[in-house]
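Everything quoted here is computed from the prediction, not taken from an experiment. Every chain is numbered from 1 and lettered A, B, ... according to where its sequence line falls, protein lines coming before strand lines.
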Amino acid sequence: MNLVWTWLSEPSHYLGSDGILARSWQHLGYMVLTLLIAATVAIPLGLWIGHTGRGRIVVVNAVNGMRSLPTLGLLFIAVLLMGPRIPGDLAFLAPSIFVLVVLAVPPILAGTYSGVDEVDPAARDAARGMGMTSWQVLFGVELPGALPLIFSGLRSAALQVVATATIAATVSIGGLGRFLIDGLAVRDYGQMAGGALLVGVLALLLDGAFSLVQRLSVSPGLSAPEASSRNNQDSTATITT
Amino acid sequence: MTWFTGHVDEVFGLARTHLVLSMVPLLFGLLIALPLGWMARRVPRLYGPLIAGSGLLYTIPSLALFILMPLVLGTQILDPINVIVAMTIYTIALMVRTVADGLAAVPDHVTQAATSMGIGRWRRFFTVELPLAVPVIAAGLRVAAVSNVSIVSVAAIIGVAQLGSLFTDGFNRAFVDPIVVGVIACLVLAVAVDAAILLVVRLLTPWQRGGAAA
Amino acid sequence: MIVLEDVQKRFPDGTVAVGGLSLTAPDGRITVLVGPSGCGKTTSLRMINRMIEPTGGSITVNGQDVAAMNPNELRRGMGYVIQHAGLFPHRSVIDNVATVPVLLGTKKSVARRQAMELLERVGLEPALAQRYPNQLSGGQQQRVGVARALAADPPVMLMDEPFSAVDPVVREQLQDEFLRLQSELGKTIVFVTHDIDEAIKLGDQVAVLRVGGTLAQVASPADLLADPVDDFVADFLGKDRGYRGLGFQATPQLPLREEVTVPIGSSKEQALRLAAGQRWILALDDQRRPLGWVEPEHLRDEVVPTMLHRGGTVASTEGSLRNALDAALSSPSRRGVIVDAAGRFVGTVVAAEVLSAVEVARADS
């Protein structure tokens, strides 16, 4: 405990290009970049699957299958296979981001299409019966109704990415994971555990931030006590690694 | 796959450790989550804190949790106990909610019928509520089992040997073959564990078989 | 006017939901489609606004073939109310109601103002306008559903079991208000229900469908009760058809009797004096509206509400023979209380006299 405290209370560890602050920003940067790419792919695809009901079985199985993939192995394979073809610093970063995106897509996808599924069939029927076009039903009824689960999908994805980005320090990318890996390499338990603590805190803060944003941006009509959160667990929670 | 044929024994040995490191925590985690989930269901005031608390545990990245374990347990960093306890924590984190949901899914009229026949609270829990909650609990357990198999491999980074060691070894030597074998072995293990749980559930819930009517 | 001509619906799996249905729903009237489950009543309704496309026959609305119209425009011109209301959970009540006018290009502020008026019209307090659907009771949600369907003032309303999901007391209220609303609005309504009592209560004409989607009989409720075309229709109508049929026969000039009445609040002595030996006398309020029968002998001091017999029903001179007969049968004094349109007491009638009026009416027709 003392080792950790000593490491964390040393001001010089916070500053500079490999300090705690810079590493935290880097970590968040990986997450934001990954989520942006993953959401751009997963949300439209999820809406399409939910709206049309096509391709659901394939995606459900793919999403479940992703759970059993060991991320560490995936990461190493990507770096070994893709790295040599990519010049410079990107040789490690690009394959890592690629793997992070691959891991972030399933929870967002699952959240989106199960969110659309959650929409009351009577509301959808009424929307059509009032003469809404297919697009109007999608953006006026299904998307707002799916938002709570889209958010839980993004949240699981974000946590997944933060966790995996930590591991990705083993393939020389930056972020808070560096402290864990570098500390391990030089047998500096203070640095390792200090970094681990920081990663844990970052994850908890992100989790809190997501629930706050979710509360502020989802229609109060959807956040009633009975709004089903039961599905969250099964359909969108992918596994933190 | 010439690499595999030359290292069959090694891979099987690692797979055995991998299985122990992921399944022992699954069992412990389930045993601890059962009373916690029951409590969450039983005492409405505890539901929020218990579910939120276990959810928070789940947000802690695995590598960080493995590394932090010695702080809590006073163990050495290489001690496999760290991994076992960390995986148990993840299992609890997933299962508390599932157990609570599973118990909540038992129809009220069934528990009321049991009570009206004079079945006491404990007997009712073990003979009526728990068996009826098995399908939901098992679904959660399958998720936890599969994710445990996947997460345990991360422990190779801190030097705890199991199938994940194939990843680190392969990467250090820039040799893809062992990594691919490791990934496949992990997948096979996950599928096998999943199938085993499915089988047990089938044996435990004969009333669900032939339930095409659902 | 909505005209269905030999309309058919065969689903891709080969099941025939509607097998050649011909039916006319006249302007300003309520046409009820009723039948057992599997009779294709909902399918028939949903073919009118093309939520389901027919596989044969034609449907015209005011002479226009719906198949030739843009489905979305067609639907915006028809109110549509369904069983579970189908309100949008993420929109406030008022924005739910304003949906179709906004779709049609009305400015949001204008649409909201009109929506407020509609809410009042369907019997909802203005305070509910800003609530979300999940904060309303089932009956309130259904009212919002009706208001939403009326928002663009469509000439046609399609209603699919709109009152089936609420409890019987609320259902009765909703039905009564629906009839009151319709008497003001005069929409052309096609209404689907599985409940024959609801069909008979609400319909200007009732179409009974058989399983397989064919028409068994279409007639006014009175004619349906009086003359079911076959055993299927008779069975579906259920028991007590003769008695229920009286509900559609207006009360003729019944020979009304004078009755001893006592104002509420009178003393026991006063009541005994007025009764002059009669066992039951009728208590009235200060507007001469009947409150209930009272036995002066059993009074403790004054004629108070708790001492009144509550079992008797009251019939109106505007009401049906069924009401009059029931008033007589349910009265403890065996004399049925009759009131005028304003609810003021006009006299009593005994069951035998109602029955002879029934016979007279029957002989006349």
Side-chain angles (χ1 to χ4, degrees), chain A residues 1 3-4 64-77 79-81 83-84 155-156 158-160 162-167 169-171 176-177 180-181 183-184 187 189 192-204 206-208 229-230 232-234 237-241, chain B residues 55-56 58-71 77 90 93-94 97-98 101 104-105 136 139-140 142-159 163-164 166-168 170-171 174-176 179-187 189-191 193-194:
Chain A
M1 201 69 217
L3 286 172
V4 183
N64 286 334
M66 288 298 297
R67 283 199 182 118
S68 41
L69 271 185
T71 49
L72 188 64
L74 214 58
L75 196 65
F76 289 161
I77 293 177
V79 171
L80 288 183
L81 294 186
R155 187 168 162 177
S156 319
L159 294 172
Q160 166 84 20
V162 165
T164 311
T166 311
I167 297 170
T170 48
V171 297
L176 289 171
L180 284 69
I181 301 303
L184 188 67
R187 311 230 159 254
Y189 186 72
M192 274 168 81
L197 218 53
L198 291 172
V199 171
V201 169
L202 180 72
L204 292 179
L206 265 177
D207 196 45
S229 49
R230 263 263 297 287
N232 292 10
Q233 189 83 30
D234 297 333
T238 315
I239 295 332
T240 319
T241 46
Chain B
L56 282 184
Y58 205 73
T59 61
I60 301 170
S62 54
L63 185 58
L65 195 59
F66 291 152
I67 289 176
L68 288 173
M69 276 295 113
L71 275 188
I77 184 76
Y90 281 136
L94 265 179
R97 190 196 184 125
T98 311
D101 285 351
V136 176
R142 288 173 62 195
V143 172
V146 166
S147 70
N148 276 11
V149 170
S150 161
I151 296 175
V152 160
S153 60
V154 172
I157 297 175
I158 53 165
L163 288 173
L166 297 177
F167 306 156
T168 42
F171 187 68
F175 185 30
V176 175
I179 306 180
V180 173
V181 170
V183 168
I184 293 172
C186 277
L187 288 179
L189 211 56
V191 170
V193 166
D194 194 43

> Please walk me through it: do B:Val183 and A:Leu69 pass side-chain contact (heavy atoms from CB on, under 4.5 Å)?
Replying inline: CA-CA 7 Å; B:Val183 168; A:Leu69 271 185; 4.0 Å; yes

>> Is A:Val201 in contact with chain B via its backbone, its side chain, both, or neither, using a 4.5 Å heavy-atom distance?
In response: neither

> Which answer fits A:Leu206, side chain, backbone, both or neither, if we ask what part of it has an atom under 4.5 Å from a heavy atom of chain B?
Replying inline: neither

Can you tell me how far [atom2] of [Y] sits from [atom1] of [X], rounded to the nearest 0.5 angstrom?
X	Y	atom1	atom2	result
A:Leu72	B:Ile151	CG	CD1	12.5 Å
A:Thr170	B:Phe167	OG1	CZ	11.5 Å
B:Thr59	A:Gln160	OG1	CD	12.5 Å
B:Ile158	A:Met192	CD1	CE	7.0 Å

>> Give me each pair satisfying salt bridge (charged side-chain N to carboxylate O under 4.0 Å, His left out) with a member in residues 142-155 of chain B, each pair once, sequence neighbours excluded.
In response: B:Arg142-B:Asp194

>> Any non-hydrogen side-chain atom of A:Tyr189 less than 4.5 Å from a side-chain atom of B:Ile67?
In response: yes

> For chain A, which of B:Leu65, B:Leu56, B:Ile157 has the most heavy-atom pairs under 4.5 Å?
Replying inline: B:Ile157

> For chain A, which of B:Ala144, B:Pro70, B:Gly159 has the most heavy-atom pairs under 4.5 Å?
Replying inline: B:Pro70

> side-chain contact (heavy atoms from CB on, under 4.5 Å) with A:Ala169: which residues, sequence neighbours excluded?
Replying inline: A:Arg178, A:Ile181

Side chain, backbone, both or neither: which part of [X] has a non-hydrogen atom closer than 4.5 Å to chain A?
X	answer
B:Phe66	neither
B:Leu68	both
B:Val149	neither

How far apart are the closest heavy atoms of [X] and [Y], and which atoms are they?
X	Y	value
A:Ser68	B:Val146	CB-CG1, 3.3 Å
A:Pro70	B:Cys186	CG-CB, 3.6 Å
A:Gly200	B:Pro61	CA-CD, 4.3 Å

>> Quick check for you: among A:Leu74, A:Val171, A:Thr166, A:Val162, which has the greatest number of heavy-atom pairs under 4.5 Å with chain B?
In response: A:Val171

> When the ring planes of B:Phe171 and A:Phe76 are compared, do they come out parallel, tilted or perpendicular, using 30° and 60° as the limits?
Replying inline: parallel

